Amino acid sequence: KQEVTQIPAALSVPEGENLVLNCSFTDSAIYNLQWFRQDPGKGLTSLLLIQSSQREQTSGRLNASLDKSSGRSTLYIAASQPGDSATYLCAVSSGGSYIPTFGRGTSLIVHP
Amino acid sequence: NAGVTQTPKFQVLKTGQSMTLQCAQDMNHNSMYWYRQDPGMGLRLIYYSASEGTTDKGEVPNGYNVSRLNKREFSLRLESAAPSQTSVYFCASAVPSYEQYFGPGTRLTVT
């Protein structure tokens with residue numbers, strides 16, 4: 001059974017810092033990995049999707065990498081801003097039915 | 001293009017009452033999902049539908065039923081609500097192996 005772990009569970013940084021969020025998974029036979037953002041009281045918003053054949057994806061100040069062999073993905077946020085404050089979740093799709101398994105998220109606070 | 005919509009946004013039920021949560025997507029996705037999100041437990045899959053006419057149990061199906069009414073709509077029914085079903089419920093849709101899109105959620109309280 002796939003298990004997804006996100007470390008740290010919470011992170012507080014000053015504005016302007018570059019930061020890395022980590023996601024690890026136990027079964028490397030994945031189809032894809034997706035990073036989401038969730039604001040308090042809201043639904044999940046997709047940030048980046050990395051297919052198993054890809055090594056990284058970029059969108060604006062966000063860069064996500066995937067290393068299947070080590071079972072890890074990182075989400076890099078450049079020049080963090082207070083508006084980046086949210087919970088970030090990763091989800092890994094594996095198995096025959098493409099059902100994503102979610103990590104519990106990293107709660108990020110960027111303070112001015 | 002509204003994406004994934006859910007109704008209602010909020011609901012309070014008494015123990016034993018029933019209700020149906022509605023979900024619709026306008027992206028022509030084959031797959032649809034129902035999750036619940038609880039503090040400290042993360043997102044847990046209740047039921048999913050890989051395609052119109054099929055439904056399968058997820059991790060926590062007890063106390064719930066689903067109907068894939070057509071390709072657009074996937075409803076979740078609580079037949080006899082219990083306080084343990086107090087949660088935030090999310091519907092999602094996807095083309096298999098591609099991005100999953102979520103609705104805004106339904107916040108349910110069972111007293």
Side-chain angles (χ1 to χ4, degrees), chain A residues 1-10 21 23-26 29-54 57 59 62 64 66 68 73 86-107, chain B residues 2-10 21 23-25 27 29-51 54-61 66 74 87-109:
Chain A
K1 179 186 170 187
Q2 181 75 269
E3 292 181 6
V4 180
T5 303
Q6 292 188 246
I7 294 174
L21 307 182
C23 173
S24 62
F25 47 93
T26 54
I30 69 170
Y31 296 113
N32 60 49
L33 184 145
Q34 193 169 357
W35 283 95
F36 293 88
R37 168 187 174 133
Q38 185 176 28
D39 293 290
K42 304 292 186 184
L44 280 69
T45 300
S46 177
L47 296 174
L48 291 164
L49 175 75
I50 310 176
Q51 297 289 358
S52 63
S53 59
Q54 299 173 319
Q57 284 283 349
S59 176
L62 306 179
L66 174 64
K68 282 195 305 179
S73 174
T87 297
Y88 291 81
L89 297 102
C90 72
V92 177
S93 289
S94 55
S97 55
Y98 302 101
I99 301 297
T101 300
F102 282 81
R104 296 190 179 184
T106 294
S107 177
Chain B
V4 180
T5 57
Q6 291 183 236
T7 55
K9 287 187 167 53
F10 301 93
L21 282 64
C23 174
Q25 52 92 9
M27 294 173 283
H29 287 165
N30 288 326
S31 300
M32 297 186 74
Y33 313 80
W34 276 106
Y35 294 91
R36 61 179 288 174
Q37 187 176 40
D38 303 288
M41 300 296 292
L43 272 163
R44 293 181 292 172
L45 183 68
I46 306 171
Y47 271 93
Y48 68 98
S49 171
S51 61
T54 69
T55 60
D56 285 286
K57 296 177 181 178
E59 182 184 353
V60 289
V66 290
F74 189 37
S87 188
V88 182
Y89 291 85
F90 289 103
C91 176
S93 72
V95 172
S97 194
Y98 287 89
E99 282 181 279
Q100 204 175 30
Y101 292 87
F102 278 74
T106 294
R107 280 145 190 81
L108 175 67
T109 301

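Order of the sequence lines sets the chain letters (A, B, ...), proteins ahead of strands, with each chain counted from 1. Note that these values count all heavy atoms, side chains included, but never hydrogens, waters or copies made by symmetry. Note that the coordinates shown come from a computational prediction; the quantities given were computed from them, not determined experimentally.
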query: chain A heavy atoms under 4.5 Å from Arg44(B): which part of the residue, side chain, backbone, both or neither?
result: neither

message: Taking the side chain as everything from C-beta on, heavy atoms only, tell me whether Ile99(A) gets closer than 4.5 Å to Asp56(B).
response: no

Least distance between heavy atoms, Phe90(B) atom then Lys42(A) atom: CZ-O, 3.6 Å

- prompt: Picking from Gln6(B), Arg107(B), Gln100(B), which has the most non-hydrogen pairs under 4.5 angstrom with chain A?
  reply: Gln100(B)

message: For Tyr101(B), which atoms come within 4.5 Å of any heavy atom of chain A: side chain, backbone, both, or neither?
response: neither

field: Heavy-atom contact with chain B under 4.5 Å, split by part of Gln38(A)
entry: side chain

Compile the donor-acceptor pairs under 3.5 Å between side chains in residues 45-53 of chain A and protein atoms, sequence neighbours left out, one pair per line.
residue	atom	partner	partner atom	Å
Ser46(A)	OG	Gln34(A)	NE2	2.8
Ser46(A)	OG	Glu99(B)	OE2	2.6
Gln51(A)	NE2	Ser97(B)	O	3.0

query: Nearest 0.5 Å, what's the OG1-CD distance between Thr87(A) and Gln37(B)?
result: 8.5 Å

